[in-house]
There are 2 protein chains.
Amino acid sequence: MEIEKIREEIANKGLKVTPQRVAILEAIYSLNNHPTAENIADHIKESQPNIAIGTIYKVLDALVEHNIIKKVTTEAGKMRYDGFTEHHHHLYCIECDLIEDYIDEELNELLKNHFNKKRIKGFHIKNFAVQVNGTFDKC
Amino acid sequence: MEIEKIREEIANKGLKVTPQRVAILEAIYSLNNHPTAENIADHIKESQPNIAIGTIYKVLDALVEHNIIKKVTTEAGKMRYDGFTEHHHHLYCIECDLIEDYIDEELNELLKNHFNKKRIKGFHIKNFAVQVNGTFDKC
DNA sequence: TTGTAAAGGAGAATCATTCTTATTTAATAA
DNA sequence: TTATTAAATAAGAATGATTCTCCTTTACAA
Ligand SMILES: [Mn+2]
Ligand SMILES: [Mn+2]
Ligand SMILES: [Zn+2]
Ligand SMILES: [Zn+2]
């Protein structure tokens, strides 16, 4: 995604467009694989050599807060960040820490129907996701 | 579950039966709601007033390693522990940190069939779970 | 009962994340 | 364009869950 689009995306949410925010969001989009805060720091260190790690966390929080990105939890304990905000699922590699998007509209329908039919007493569903664990051939 | 059953469960995995291990596993079973290490520490502090927090973590690791319990990750960052090891899903309260078991054999079948039919190229599925987020009426 | 590998206690260390405070800056309006 | 100011950043200290180290204790097999 071009820088101008990124600037617009930030501005449209009423956030100030700062070089740090642009660099971080660009990093998430171009890394494109659920990076950690540290991965992002590494990726932007040429363009933002003096950025504070605390700033990265604060920017990430702001982006999550405004639904520009999503937070992804893993077994490993470190938070990961996701630039793809449509409803989707994840493939988790149990050998390395790779997380790949898994988009499956048929699965979404299947689950939506299932949960519509089978109400859970005492619980109101907001959303759901399938975590698929396994191994990639490439790993 | 009676203490003797717990001692057997530990011994059967080739682990030494120590009062600390028995107390921790008993705590997980009787708390029965995906406690944190700290929840467990609180629960056993009368019977094990001198247990080191590091011991709790080491015992939990050993129990997970031997498939007596399972680790559950959450958004909140703290690890939770689950004494129910059969394949099941979880209901996550987005208001408090409550996690309830969600057992749905029909859902398991649905997903198993779906993933059998729809192979994911380059990925070999080991297992999967549905994370259901929402709110409990009681919260 | 003894020997020994395994387990526990105490507390320091780690490390991802958050917090604090002073300084800088993006956006707005004069 | 410049001045104003609320919001954002830098630096680094603090936090807190978890892990590690080292020494002592214990479960259990012989
Ligand atoms: Mn994703
Ligand atoms: Mn459970
Ligand atoms: Zn992998
Ligand atoms: Zn709740």
Side-chain angles (χ1 to χ4, degrees), chain A residues 3-4 6-27 34-45 47-66 68-69 71-81 97, chain B residues 3-4 6-27 34-42 44-45 47-66 68-81 97:
Chain A
I3 295 298
E4 201 42 49
I6 289 175
R7 299 179 61 87
E8 273 174 35
E9 202 176 0
I10 295 169
N12 287 342
K13 300 289 181 160
L15 292 173
K16 284 190 184 174
V17 178
T18 66
Q20 292 88 342
R21 284 173 172 171
V22 173
I24 288 168
L25 190 48
E26 192 280 329
H34 312 88
T36 63
E38 200 190 349
N39 296 150
I40 294 166
D42 288 345
H43 189 262
I44 65 178
K45 68 164 171 288
S47 72
Q48 296 292 324
N50 298 318
I51 193 170
I53 186 71
T55 298
I56 293 176
Y57 282 103
K58 214 146 16 120
V59 167
L60 289 170
D61 279 353
L63 297 177
V64 169
E65 195 67 27
H66 290 78
I68 300 172
I69 63 174
K71 235 176 176 169
V72 179
T73 28
T74 70
E75 315 289 309
K78 291 189 196 175
M79 287 295 172
R80 311 268 295 250
Y81 296 88
D97 282 331
Chain B
I3 295 298
E4 201 43 48
I6 289 174
R7 300 179 61 87
E8 272 173 35
E9 203 178 358
I10 295 169
N12 288 342
K13 301 286 183 160
L15 292 172
K16 284 189 185 176
V17 179
T18 66
Q20 292 88 344
R21 283 174 173 171
V22 173
I24 288 168
L25 190 48
E26 193 279 330
H34 312 88
T36 63
E38 201 190 349
N39 295 151
I40 294 165
D42 288 346
I44 66 179
K45 68 166 171 288
S47 72
Q48 297 291 324
N50 299 317
I51 194 168
I53 186 72
T55 298
I56 294 176
Y57 282 103
K58 217 152 10 127
V59 167
L60 289 169
D61 279 353
L63 297 177
V64 169
E65 194 68 27
H66 290 80
I68 299 173
I69 63 174
K70 290 199 297 188
K71 236 176 176 169
V72 179
T73 29
T74 71
E75 316 288 310
K78 291 190 197 175
M79 286 296 172
R80 311 270 294 252
Y81 297 87
D97 282 331

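From a predicted model like this one, the values you see are computed outputs, not experimental measurements. Just so it is clear: chains get the letters A, B, ... in the order the sequence lines come, proteins before strands, and each one is counted from 1.
Remark: side-chain polar atoms of B/Arg7 are not paired, donor with acceptor, to backbone N or O of B/Val17 under 3.5 angstrom. Between the side chain of B/His66 and the backbone N or O of B/Ala62, at least one donor-acceptor pair lies under 3.5 Å. With A/Asn39 contributing its side chain and A/Thr36 its backbone, the two residues share a donor-acceptor pair below 3.5 Å.
Between the CG atom of B/Asp61 and the C1' atom of D/dT19 there is a distance of 9 Å, given to the nearest Å. Rounding to whole angstrom units, CD of residue B/Glu38 and C1' of D/dA17 are separated by 9 Å. Between A/Leu25 atom CG and D/dA8 atom C1' there is a gap of 16 Å when expressed in whole angstrom units. Atom CZ of A/Arg80 and atom P of C/dT17 are 11 Å apart (whole Å). Atom pair A/Glu65:CD and D/dA7:P shows a separation of 15 Å (rounding to whole Å applied). In this structure, CD1 of B/Ile10 is placed 15 Å from C1' of D/dC28, rounded to the nearest angstrom. Rounded to an integer number of Å, the gap from B/Glu75 CD to C/dT17 P is 13 Å. In this entry the distance linking NZ of B/Lys16 with P of D/dC28 reads 7 Å, nearest Å.
In this structure, the nucleotide among D/dT18, D/dA8, D/dT26 sitting nearest to the side chain of B/Ile53 is D/dT18. In the set C/dA7, D/dT18, D/dA6, the nucleotide with an atom closest to the side chain of B/Arg21 is C/dA7. Closest to the side chain of B/Leu15, from the set C/dA10, C/dA7, D/dC28, is C/dA7. With D/dA27, D/dA8, D/dA10 as the candidates, the nucleotide lying closest to the side chain of B/Pro19 is D/dA27.
Where B/Arg7 and B/Lys71 each meet DNA chain D at their nearest nucleotide, the meeting point lying more 5' is that of B/Lys71. Along DNA chain C, the nucleotide nearest B/Gly14 and the nucleotide nearest B/Gly54 are compared for position; the residue whose nucleotide lies closer to the 5' end is B/Gly14. Residue B/Gly77 is the one, among B/Ala11 and B/Gly77, whose nearest nucleotide of DNA chain D lies closer to the 5' end (criterion: closest heavy atom).
Residue-level contact check: B/Thr55 touches the bases, meaning some heavy atom is under 4.0 Å from a base atom. Here A/Lys78 lies in heavy-atom contact (under 4.0 Å) with sugar-phosphate atoms only.
OP1 or OP2 of C/dG8 sits under 4.0 Å from a side-chain N or O of B/Thr18. Using a 4.0 Å cut-off, no side-chain N or O of B/Gln20 falls inside it from OP1 or OP2 of D/dT26. For D/dT19, neither phosphate oxygen OP1 nor OP2 lies less than 4.0 angstrom from any side-chain nitrogen or oxygen of B/Tyr57.
Looking at A/Thr55, A/Ile6, A/Ile10 one by one, the single match for side-chain contact (heavy atoms from CB on, under 4.5 Å) with A/Arg21 turns out to be A/Ile10.
Side-chain contact check for B/Thr73 versus A/Thr74: every heavy-atom pair is 4.5 Å or farther apart.
The base of C/dG8 sits with one of its N or O atoms less than 3.5 Å from a complementary donor or acceptor on the side chain of B/Lys58.
Around CD of B/Glu65, the count of heavy atoms belonging to other residues, nucleotides or ligands within 6.0 Å does not exceed 12.
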